[in-house]
Number of protein chains: 2
Amino acid sequence: MGLMDTQSPWLDDDQQDVWQALLTVVIALPAALDRQLQRDAGISNFEYGVLARLSMTDEATMRLSDLARECDSTQPRLSKVMDRFEARDWVVRRPDPTDGRYTLATLTDAGREKVVASAPEHVAQVKRLVFDPLSAAQRRHLGAALTRVAATVRRELEEGRG
Amino acid sequence: MGLMDTQSPWLDDDQQDVWQALLTVVIALPAALDRQLQRDAGISNFEYGVLARLSMTDEATMRLSDLARECDSTQPRLSKVMDRFEARDWVVRRPDPTDGRYTLATLTDAGREKVVASAPEHVAQVKRLVFDPLSAAQRRHLGAALTRVAATVRRELEEGRG
DNA sequence: TCATTCAAGTTGCCGGGGCAAGTAAGATGG
DNA sequence: CCATCTTACTTGCCCCGGCAACTTGAATGA
């Protein structure tokens, strides 16, 4: 339980196993996704996530700061992704008319076509790597546990510690 | 179940939630670990993993190719890490006397001290981010599911597709 | 024995991301 | 109304990692 966890300076054997599996997933899964997307669509997994997130919003438009937060990105990283996307005419940036400090990013038609074209193979890869190996119950349990961890990690990064 | 998963070109709602949580963990967790280690020990999470893996073996010695596989690393990546480690006198490289094609990496005393010094804060961070938010049952379920996913992803990368 | 093949490791080049500093727009307080 | 502060975003510099090409050492086969 929670108390022992932070007291001992080491991981017990069960924790070691979980941790090793998590490390492998955290290192190797992005690599596998990047390779498939790079080969088939010429974009990274992170870039796909940005396009997909934009495409799901009303008017395909978001403030950059909101987009960065929802994609778990820093602002400089997103800024440079946007440079590339604008060069390919996948998005346009313009100042938010209601508050000049913000910048609105909008997906173009070409940008939406890119997501739609890239999605099927990417989704198939995700299913093959993540969901196919799991039973329905395992999938639910994985979701429940990851949701808690994700919330903790997200809070960590937003609070600026690390 | 398995069949539907690969047939439909989309994720259903439950899968979406799991996938979003996994994406956050996969993107943000390494960032959080890197920041802590970089700040407190001047090394990355990946570098810590390499040192730790070496320190656990007999004689603190491994072939580079084995080390790369167990750290889910490519060979060029590990090769460059070793350049940095040798520059700091944390490891030494020498050809394997039994087969000149292999290279043996051995942790020096200074290298072992580095792991030992870095471990406590790193382990505490891992516990805080990953284990503290979970019940014992959730931890077991997470481990079971991740082990399956990790095996699948690992096979994927080793087979060279992606 | 020597040519071919194969695997381990290194190197060079290029692109991407982090951080810190700089810019710009709005809020705040006298 | 102006100085200061805060927040959103961009830019420059540097390091890291991927890929492809190269080098080297051992195995294979005639």
Side-chain angles (χ1 to χ4, degrees), chain A residues 26-28 30-39 42-50 61-88 91-105 157-158 160-162, chain B residues 26-28 30-39 42-50 62-88 91-106 157-158 160-162:
Chain A
V26 150
I27 292 179
L33 297 174
D34 276 334
R35 284 188 24 184
Q36 179 270 318
L37 274 169
Q38 203 67 52
R39 171 167 50 79
I43 58 178
S44 69
N45 177 44
F46 177 75
E47 290 172 323
Y48 177 88
V50 173
T61 297
M62 284 183 77
R63 289 178 172 176
L64 289 189
S65 41
D66 293 337
L67 186 55
R69 186 163 24 76
E70 298 198 13
C71 292
D72 301 294
S73 169
T74 61
Q75 282 199 342
R77 182 179 189 181
L78 183 62
S79 184
K80 288 162 186 177
V81 168
M82 285 318 200
D83 291 343
R84 288 172 246 155
F85 284 178
E86 275 197 331
R88 301 201 196 186
V91 301
V92 290
R93 277 182 285 198
R94 66 177 192 283
D96 185 334
T98 73
D99 186 335
R101 287 172 298 184
Y102 294 94
T103 300
L104 297 179
L157 284 185
E158 282 171 3
R161 1 176 199 144
Chain B
V26 150
I27 292 179
L33 296 175
D34 276 334
R35 283 188 23 185
Q36 180 271 317
L37 274 169
Q38 203 66 53
R39 171 168 48 80
I43 58 178
S44 69
N45 178 46
F46 177 75
E47 289 172 324
Y48 177 88
V50 173
M62 284 183 78
R63 291 177 170 177
L64 289 188
S65 41
D66 293 338
L67 186 55
R69 188 164 20 76
E70 298 198 14
C71 292
D72 301 295
S73 169
T74 61
Q75 281 198 342
R77 182 180 190 180
L78 182 61
S79 184
K80 288 163 186 177
V81 168
M82 285 317 203
D83 291 344
R84 288 171 245 154
F85 284 179
E86 275 196 332
R88 301 203 196 184
V91 300
V92 289
R93 277 182 287 197
R94 65 178 193 283
D96 185 334
T98 74
D99 186 335
R101 288 173 296 186
Y102 295 93
T103 300
L104 297 179
T106 302
L157 283 186
E158 282 171 1
R161 0 175 200 145

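Residue numbers begin at 1 in each chain, while the letters A, B, ... track the order of the sequences. Basis for what follows: all heavy atoms, side chains included, without hydrogens, waters or symmetry-related copies. Keep in mind it's a predicted model, so treat the numbers as computed, not measured.
One atom, CG of B:Asp96, and another, C1' of D:dG25, lie 12 Å apart when rounded to the nearest Å. Atom P of nucleotide C:dG16 and atom CD1 of A:Ile43 are separated by 12 Å, given to the nearest angstrom. Rounded to a whole Å, the CZ atom of B:Arg77 is 13 Å from the C1' atom of C:dG17. Residue B:Phe46 contributes atom CZ, which lies 15 Å from atom C1' of D:dC15 at whole-angstrom precision. What separates CG of B:Asp34 from P of D:dC16 is a distance of 11 Å, to the nearest Å. Spacing between atom CD of A:Glu86 and atom P of D:dC9 amounts to 13 Å, rounded to whole angstrom units. A straight line from CG of A:Asp99 to C1' of C:dA27 spans 10 Å, rounded to a whole angstrom. The separation between B:Asp72 atom CG and D:dG17 atom P is 14 Å, rounded to whole Å.
At the phosphate of C:dC19, neither OP1 nor OP2 sits under 4.0 Å from any side-chain N or O atom of B:Arg39. Here A:Arg84 reaches the OP1 or OP2 of C:dG17: one of its side-chain N or O atoms lies under 4.0 Å away.
For the residue pair B:Arg93/B:Thr106, the side-chain donor-acceptor check at 3.5 Å is not satisfied.
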For this session: Go through the steps to decide whether B:Leu64 and B:Leu78 satisfy the test side chain to side chain contact (heavy atoms under 4.5 Å, CB included), and finish with yes or no.
Result: CA-CA 8 Å; B:Leu64 289 188; B:Leu78 182 61; 4.2 Å; yes
For this session: Applying side chain to side chain contact (heavy atoms under 4.5 Å, CB included), run through A:Arg63 and A:Asp96 and close with a yes or a no.
Result: CA-CA 8 Å; A:Arg63 289 178 172 176; A:Asp96 185 334; 3.0 Å; yes
For this session: List the steps, then state whether salt bridge (charged side-chain N to carboxylate O under 4.0 Å, His left out) holds for B:Arg84 with B:Glu47.
Result: CA-CA 10 Å; B:Arg84 288 171 245 154; B:Glu47 289 172 324; 2.5 Å; yes
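Each of A:Gly100 and A:Ser44 lies near DNA chain C, and the nucleotide nearest A:Ser44 is the one positioned closer to the 5' end.
In this structure, the separation between CD1 on B:Ile27 and OG on A:Ser73 is 8.5 Å, given to the nearest 0.5 Å.
Using a 4.0 Å cut-off between charged side-chain N and carboxylate O, B:Lys80 and B:Asp83 make no salt bridge.
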Problem set entry | Nucleotide-resolved protein contact map, nucleotides 4-13 of chain C, B/S/- at heavy-atom distance under 4.0 Å | ----SBBBBB
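Although no hydrogens or angles enter the test, the distance criterion places no donor-acceptor pair under 3.5 Å between the side chain of A:Asn45 and the main chain of A:Asp34.
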